[in-house]
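Comments concern the structure below.
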Amino acid sequence: MLSVIIPTYNEKESIIRTIKEAQKSIPRNSKYEVIVVDDDSPDKTWKAVSEYKDKRVKCVRRRKEKGLGSAVLRGFREAKGKYFLVMDADGQHDPSIIPRMLKHIEKNDFVIGSRFVKGGSAKNWSKTRLLYSKLAAMPAKSILDEKVHDPMSGFFMIQRRVYEENKEDITGKGFKIMLELMVFSEKKRRIKAKEVPYAFRPRREGASKLGIKTLVDYGLMLASLAVKGRVLKFVLTGLLGVLVNLGVLYALTEYAGLYYIVSAVIAIEIAILHNFLWNNYWTWRYRKKEQGFVKRLLSFNTVALAGMVINIAALWFFTEIIGLWYLLSQAIGIAIGALLNYFWNDMWTFKSK
Ligand code: GDD
Ligand code: MN
């Protein structure tokens, strides 16, 4: 069975036409249900749906919660089908591709209605809107392992199990529920996605609910997804390492009475060990590592020390030869050292089996 989930807010004028159009597109022999999740719309969208007498169509009227993402999640919770389809109520998503989506869903986890693969389009969009959309999609694409051209699509089909596997993790904040589902899925296993092209149509009636807040939510969501990503873990570990370094240097000099240069050498080594532990058990935690623990530790240590030498060399070079202000040169030196460390550790220390 296919569960079609349609979130609505003030879509009284469009919803019935959208339901009818979807019903016409679903192959005759397929069992299906349509679940409209309405947030108690002032225009009484919920009433229009309940007056549409069809046993396969039901309306969930949410009185307390609000928001597109959480409405879709509510739809998932109610859904009985093996496959879930999410689409907008305003007529922008062309349901005539449903049969093609159904054909692909068995072999894929996600089937995406896509504007940006061959055959797809968003013609009624202005050049600027298109540019914004593509720009906004860039960070989303880089977070994903699977190649997706339209990661912000609100028109998609998933296997029920994709929802089941991720229902504990997913927040449903903001608009990008599919993207969120994909990111969480990829933390658990490799996923397969297929994009089916369609022409994004102009809105039939009413206005878009996508505003500044949506954009902010999207930014926050990406940031939170990135925080869970490897690069940020590495950077945070490094920053924490600096604090450890300073703390040990201070303690050994002030309380243990060591000569500060001696304290500094010990502080550096302790900070390196500290960073290694975080990166080993956190940043690259899920990687099946080829090298044994001791080899990893030696490799990590070596590149950390080499990075410091290169850092100092860059400091000298950019200050003396290029003539930059020494603090700027140091910033460049740190950046070079950090990049070297990251890639060395990614490709060698924590190399995957
Ligand atoms: N229940 C509920 N609650 N539904 C909502 C809410 C809400 O707070 N906000 C919006 N919706 C419903 C709308 O009624 C519509 O059916 C659908 O969600 C999409 O809302 P639109 O306001 O039409 O969004 P859009 O056209 O700007 O954005 C669409 O395209 C984007 C890609 O450019 C959506 O599909 C986005 O998810 C998509 O990223
Ligand atoms: Mn819309």
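Counting convention: from 1, in listed order, for ligands and their atoms alike.
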Original post:
What do you reckon, does D39 have a nitrogen or oxygen under 3.5 Å from a nitrogen or oxygen of ligand 1?
Top reply: yes

Original post:
Taking distance alone, with no angle check, do F200 and ligand 1 share an N/O pair under 3.5 Å?
Top reply: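 Among all N and O atoms of F200, none is under 3.5 Å from an N or O of ligand 1.
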
Looking only at protein heavy atoms, which one is nearest to [atom], and what is the separation?
atom	result
atom 36 (C) of ligand 1	F175 CD2, 3.7 Å
atom 35 (O) of ligand 1	D88 OD2, 2.6 Å
atom 26 (O) of ligand 1	Q92 OE1, 2.8 Å
atom 39 (O) of ligand 1	K176 NZ, 2.4 Å
atom 25 (P) of ligand 1	S208 OG, 3.7 Å
atom 18 (O) of ligand 1	L68 CD1, 3.4 Å
atom 28 (O) of ligand 1	L210 CD1, 3.7 Å
atom 22 (O) of ligand 1	K209 N, 2.5 Å

Within the structure, is a non-hydrogen atom of [X] found at a distance of less than 4.0 Å from ligand 1?
X	result
M87	no
S133	no
R115	yes
M178	no

Ligand-residue contact atoms, ligand 1 with [X], heavy atoms, under 4.0 Å:
X	value
W125	33 (O)
V37	1 (N)
E11	13 (C), 14 (O), 15 (C), 16 (O)
R203	21 (P), 22 (O), 23 (O)
H93	35 (O)

More than 12 non-hydrogen atoms from neighbouring residues, nucleotides or ligands closer than 6.0 Å to [atom1] on [X], yes or no?
X	atom1	answer
K20	NZ	no
K66	NZ	yes
Y255	OH	no

Answer yes if the ring centres of [X] and [Y] are under 6.0 angstrom apart, and no otherwise.
X	Y	answer
F200	F116	no
F110	F156	no
F276	W282	no

**OP:** Only one of H149, K118, H104 passes side chain to side chain donor-acceptor pair (under 3.5 Å) with E195; say which it is.
**Re:**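 Filter result, single survivor: H149.
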
**OP:** Using heavy-atom distances, let me know which of N10, T8, V86, D90 sits nearest atom 23 (O) of ligand 1.
**Re:**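 The residue whose heavy atom sits nearest atom 23 (O) of ligand 1 is D90.
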
Original post:
Given R62, E65, M152, which has its nearest heavy atom closest to atom 38 (C) of ligand 1?
Top reply: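 Checking each option, the heavy atom nearest atom 38 (C) of ligand 1 is found in M152.
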
**OP:** Given side-chain hydrogen bond (donor to acceptor under 3.5 Å, both in side chains), test N166 with K188 step by step and report yes or no.
**Re:** CA-CA 9 Å; N166 296 295; K188 302 182 179 78; 2.6 Å; yes

Original post:
Only one of N108, I105, D109 forms a side-chain contact (heavy atoms from CB on, under 4.5 Å) with K194, so which one is it?
Top reply: N108

Original post:
With respect to H93, which candidate in V86, L85, D88 satisfies the side-chain contact (heavy atoms from CB on, under 4.5 Å) definition?
Top reply: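 When V86, L85, D88 are each tested with H93, the side-chain contact (heavy atoms from CB on, under 4.5 Å) holds only for D88.
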
Original post:
Heavy-atom distance under 4.5 Å between the side chains of I112 and F155, does that happen here?
Top reply: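 Of all side-chain heavy-atom pairs linking F155 with I112, none is under 4.5 Å.
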
**OP:** Provide the closest heavy-atom pair for N10 versus P42 in the form atom of the first, atom of the second, distance.
**Re:** OD1-CD, 3.2 Å

Original post:
From the Mn ion (ligand 2) out to just under 2.8 Å, does an N/O/S atom of D88 turn up?
Top reply: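 For D88, the answer is no, given that no N, O or S atom comes within less than 2.8 Å of the Mn ion (ligand 2).
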
**OP:** Give the contacting part of A71 toward ligand 1: side chain, backbone, both or neither, where contact means a heavy-atom distance below 4.0 Å.
**Re:**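 For A71, the contact with ligand 1 is made by the side chain alone.
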
**OP:** Find, among atoms of D90 that are N, O or S, the one nearest to the Mn ion (ligand 2), and state its name.
**Re:** OD2

Subject >> Audit row: S70, R62, side-chain hydrogen bond (donor to acceptor under 3.5 Å, both in side chains) steps and yes/no >> reply: CA-CA 10 Å; S70 70; R62 300 200 305 169; 3.0 Å; yes

Original post:
So E21 and R17, salt bridge (Lys or Arg N to Asp or Glu O under 4.0 Å) or not? Walk me through it.
Top reply: CA-CA 6 Å; E21 208 189 352; R17 274 169 71 184; over 6 Å; no

